[in-house]
Amino acid sequence: MTVTRLLIIGPPGAGKGTQAAKIAEGYGVPAISTGDIFRANIKGGTELGQRVQAIIESGELVPDSLTNEIVEDRLQQADAVQGFLLDGYPRNVEQVHALDGMLEGDSLDAVVLLEADTDEVVARLLKRAEIEGRADDTESVIRHRQDVYAQQTEPLIELFTERGILVSVDGLGGIDEVAERIASALSAKLGR
Ligand SMILES: Nc1ncnc2c1ncn2[C@@H]1O[C@H](COP(=O)(O)OP(=O)(O)O)[C@@H](O)[C@H]1O
């Protein structure tokens with residue numbers, strides 16, 4: 001059995017969620033989004049949802065201990081044995097180390113960096129806010145999420161480059177155009 005372990009990273013609004021679903025389908029693995037897990041819990045009014053709601057609405061990161069625990073549980077579910085595509089996790093160096101521990105010596109096969117220019121992504125997110133009404137899609141929270149990304153998540157680019165698994169893709173363009181770019185860059189990297 002070929003196990004495919006992937007990660008997609010990029011600034012808020014780069015289109016990770018949309019592309020994550022397509023990549024996951026292509027490789028026959030589940031797309032696991034920490035943001036989606038948190039939002040589902042907020043919507044469902046669970047204890048976890050209540051704990052994270054204010055944090056997410058402010059654009060801060062949920063504490064690592066809590067986030068790591070959620071991902072560890074999710075990776076133990078049956079559908080993740082053949083691999084997975086992580087979206088939105090790990091998001092800082094501490095979470096990378098936690099994930100390394102969860103994988104017990106196995107490693108990610110590739111990390112897709114979806115590149116997007118700040119002004120472009122702010123415009124996209126404000127447009128999405130009108131349609132989906134995500135509570136963290138106001139302009140000031142969007143700007144804050146971008147600062148958090150620059151400070152905490154951007155350092156991972158160098159880390160994954162050093163590991164030789166980073167694949168950078170230009171996120172500008174139509175959904176299908178970007179999806180094709182990712183698919184060809186990934187298959188070149190993975191050889192499948
Ligand atoms: N790995 C994570 N660690 C901590 N907080 C997270 C993580 N993933 C998601 N979150 C929380 O959920 C929010 C939304 O994340 P996400 O859905 O990935 O959207 P985006 O990347 O567009 O900001 C983040 O701003 C953060 O508060």
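Heavy atoms only: backbone and side chains are in, while hydrogens, waters and symmetry mates are out. Just so you know, ligand 1 is whichever comes first in the structure, and atom 1 is the first atom listed for that ligand.
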Any N or O of Gly88 closer than 3.5 Å to N or O of ligand 1: yes
Do any nitrogen or oxygen atoms of Asp87 come within less than 3.5 Å of a nitrogen or oxygen of ligand 1? no
Under the salt bridge (Lys or Arg N to Asp or Glu O under 4.0 Å) test, which residues partner Asp170, sequence neighbours left out? none
Note, Pro63 side chain near Ile55 side chain (heavy atom, < 4.5 Å): yes
Are Arg163 and Asp100 within salt-bridge range, i.e. N to O under 4.0 Å? yes
Is Ser33 in polar range of ligand 1, meaning some N or O pair under 3.5 Å apart? no
Should the proximity of Tyr149 to ligand 1, defined as any heavy atom under 4.0 Å, be assigned to the side chain, the backbone, both, or neither? neither
Listed partners of Arg51 passing salt bridge (Lys or Arg N to Asp or Glu O under 4.0 Å), at least two apart: none
Taking Arg91 first and then Asp64, would you say they form a salt bridge - that is, a charged N and a carboxylate O separated by under 4.0 Å? no
Please state which part of Val62 comes within less than 4.0 Å of ligand 1, counting heavy atoms only: side chain, backbone, both or neither. both
So how far is it from Gln19 CD to Arg181 CZ, rounded to the nearest 0.5 Å? 9.5 Å
Check this for me: Glu154, atom CD, are more than 12 non-hydrogen atoms of other residues, nucleotides or ligands nearer than 6.0 Å? yes
How about Val111 and Val167: do any of their side-chain heavy atoms sit closer than 4.5 Å? no
Looking at Glu60, Gln152, Arg91, Gln146, the heavy atom closest to atom 2 (C) of ligand 1 belongs to Arg91
If the contact criterion is a heavy-atom separation under 4.0 Å, does Arg134 count as touching ligand 1? yes
N/O separation below 3.5 Å, Pro90 to ligand 1: no
Please identify which atoms of ligand 1 are closer than 4.0 Å to at least one heavy atom of Thr67. 1 (N), 2 (C), 3 (N), 4 (C)
Looking only at protein heavy atoms, identify the closest one to atom 8 (N) of ligand 1 and say how far it is in Å. Thr34 OG1, 2.7 Å
Nearest non-hydrogen protein atom to atom 3 (N) of ligand 1, with distance, is Gln95 NE2, 2.9 Å
List ligand 1 atoms under 4.0 Å from Tyr89, heavy atoms only on the residue side. 1 (N)
Provide, to 0.1 Å, the distance between atom 6 (C) of ligand 1 and the closest protein heavy atom, together with that atom's residue and name. Phe38 CE1, 3.7 Å
Within reach of ligand 1, part of Lys16 (heavy-atom separation under 4.0 Å): side chain
Strictly below 4.0 Å, N to O, side chains only: are Arg145 and Asp137 in salt-bridge contact? yes
Near Arg145, which atoms of ligand 1 are under 4.0 Å from a heavy atom of that residue? 20 (P), 22 (O), 23 (O), 25 (O)
